[in-house]
Amino acid sequence: MSAELIEERPPADAPPPVRPHRTRVRELPEVRWAALATAAFLPAFPLDLAGAPAWLWGPLYVVCYAAGGWEPGLAGLRALRERALDVDLLMVVAAIGAAAIGQFLDGALLIVIFAVSGALEAFATRRTADSVRGLLDLAPDTAGRITPGGAEERVAVSALRVGDTVLVRPGERLPADGTVREGASDVQQAGITGEPLPVDKGPGDEVFAGTLNGTGALRVTVDRDASASVIARIVAMVEEASERKAPGQLFIERIEQRYAIGVVAATLALFAVPLAFGADLTETLLRAMTFMIVASPCAVVLATMPPLLSAIATCGRHGVLVKSAAAMERLGAVTRVALDKTGTLTEESARVRGIRVLPGSGLTEHQALALAAAAERPSEHPLARAVVAAARERGLRLEPAADFASAPGRGVRAVVTGRTVQVGSPTALLDGAAAHLEGPGDPAPLTGEDAPVGTDIGDDSVRTAVTEVEHSGATAVAVLVDGRPVAVLAIAAPLRAGAAEAVAALGRLTGTPPVLLTGDNKRAAARLGEEVGIADVRAGLLPQDKVATVRGWEDAGERVLMVGDGVNDAPALAAAHSGVAMGRAGSALTLETADAVIVRDELAAVPSLVTLSRRARRLVAQNLVIACVCIGALVVWDLSGHLPLPLGVAGHEGSTVLVGLNGLRLLRASAWPGAARTHRRAAGS
């Protein structure tokens, strides 16, 4: 790599990075109207129950009705123009009907429930759209294109064409998918492939738009237009998956239409038919309005919401954020679990997992690690940080390093206590490539007896150590002192605490063993699968491969739960029946796409979440039975005899309160799976 390539700097007029706009809650009109309706209802409710004068609570109910009901009412009228009838319009009509016969509280409660639900849905939809747009900002707006004459010109990324050559400096993001033409560097591409550590790139290697270049400069030949890049395809897949409606959602929409039409038709019939036979107008209207009240799905709505909202609140107390009641319900229906590797089953940061001191080195593990860490301390490479962190954890004293030099893709070289220490890639250091790491005071490449001992010389102990480390699923890092290999470090992302137990629990819950989907290499993935008990390991997957796998299961009738953390997992999370994201290291798009976020990255929370969702679903089923029995009994009474309005309201509100209290059972501390065992262990200790 030429000196001219390394020393180039970005132009002074380079545009600053663009930060994606994120919608705030108060920016959404649905949220503002729902807040106003709720604010008016909260003081009106106790005043009405306390028997205060109507002039105190009446205007508040008017504000509640107007703020929460005008938008769904208008949308319902527009739907009528399209010859469709939705439940939102039916709720507004029921609320107005309740108010017409003096039951203002019933109507206001319906208005508030539907207004808040609509606001939450609008907010979730907008934030997901923000994240999808923000993902495109990972790729820079401009690129340094190399002209045929060798000069550099700044152009918009959209102006790049296949075959163009671009210059990517250290610390910049790659503007396009392409192939490295010249230079060497380490590229952080975890967001695309899921690999936990930066990947060494050199001539002929493939690179992706939006990935972060490391310490070297690269000249890259563009292979795809911006619209066809991997990151652009991720955005397209998320948008496509988000727009697909689940079969259950389509079924509910059909039920809503039939229910709404049936209630309206029955109400009109109860009013019109008796009048045609000379019935009293007031009595007929009262019976029709009573029917509208007792047939309104208020109890059905509360049959569903309290268990799910209570479960959401319980999850929140244990570091799990579930985004909606619908998401909470879906989580309990999963039949298969797919898990990402890096950042999900393993920690995000790499650590030194082992130190193999070579025979004849004359060093202990601590001495070899101290020398390696002293040489690596000036470096910003993630592997270097792992080595330094391991030395500090062991309380080792790090001597100052002199004549530090670094070569991307190879390693570092420094003089520590008068000894030349080299740390880096075994392939680069052990085949004579260490001669490229001369420091300022080195007169010439090492030769003769000072040459690095490696694979060319036939040192079986070095090859054996490197092979064993790589077969264990870790990254091998060679340590040389004065040109001779002394140790091989094993560096890997450690397994999350409780990963094996969580995998086993998920298998028991679904009846199907979990599957590992990762972009990492097959050897590392297989090793991890053995450690956590996953037999079905699918490695080397790009985002579209994960989506294809998930959709294949979904098309076969499975309900897939995808657990991941990176941008590369977002399309699969969107395509799956349910998605769970790890919160600490999760990308913005992944956190917005997922149904739930594990804030503290505790993998054991995933099976607990599924278990709690199933309990909530059982309570929903119980509540629906209670609500339907009560509504059915009141409707039959009203149709077959004379149901007094106060008794009808009491029965309707009584069933509502009953299902509400039943759903609130999940607010108890013992509702979280495993809480009882935790309490018993604490008491025993």
Side-chain angles (χ1 to χ4, degrees), residues 20-45 60-82 84-96 98-99 106-134 238-239 242-246 249 252-253 256-257 260 296-298 300-302 304-306 308-309 312-313 316 321-330 574 588-589 591-597:
H21 171 72
R22 292 179 67 82
T23 301
R24 297 181 179 179
V25 175
R26 60 177 179 270
E27 294 178 8
L28 296 175
E30 295 91 345
V31 173
R32 293 197 295 268
W33 288 118
L36 179 58
T38 304
F41 175 78
L42 290 178
F45 176 68
L60 294 174
Y61 278 145
V62 171
V63 173
C64 176
Y65 276 71
W70 78 267
E71 192 170 26
L74 182 60
L77 293 176
R78 289 173 177 169
L80 283 178
R81 294 177 58 183
E82 303 296 329
L85 184 63
D86 57 26
V87 172
D88 285 355
L89 179 60
L90 182 60
M91 291 304 95
V92 173
V93 172
I96 294 174
D106 275 6
L109 181 60
L110 288 175
I111 290 293
V112 169
I113 289 175
F114 275 79
V116 172
S117 176
L120 291 175
E121 181 180 358
F123 179 68
T125 301
R126 184 67 63 88
R127 288 296 293 271
T128 300
D130 289 344
S131 296
V132 172
R133 289 193 301 268
V238 172
E239 291 178 337
S242 299
E243 291 172 357
R244 296 175 66 188
K245 291 184 178 180
Q249 182 179 356
I252 290 174
E253 289 179 356
E256 285 179 348
Q257 284 290 307
S296 67
C298 185
V300 175
V301 171
L302 288 181
T304 303
M305 296 302 289
L308 299 175
L309 294 179
I312 291 173
L321 302 180
V322 182
K323 295 185 176 179
S324 67
M328 190 75 222
E329 187 177 16
R330 286 197 300 270
L589 179 62
L591 298 182
E592 295 297 341
T593 304
D595 292 314
V597 177

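Basis for what follows: all heavy atoms, side chains included, without hydrogens, waters or symmetry-related copies.
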(message) Please find the pair of heavy atoms, one from G68 and one from A37, that lie closest to each other, and give the distance.
(response) N-CB, 3.7 Å

(request) Search all heavy atoms of I312 against all heavy atoms of V322 and return the closest pair with its distance. (result) CG2-O, 3.7 Å

(message) Once you measure the plane-to-plane angle for W33 and W70, does it fall in the parallel (<30°), tilted (30-60°) or perpendicular (>60°) bin?
(response) perpendicular

(request) Quick one: pull up OH in Y65 and CD1 in I96 and give me the separation to the nearest 0.5 Å. (result) 8.5 Å

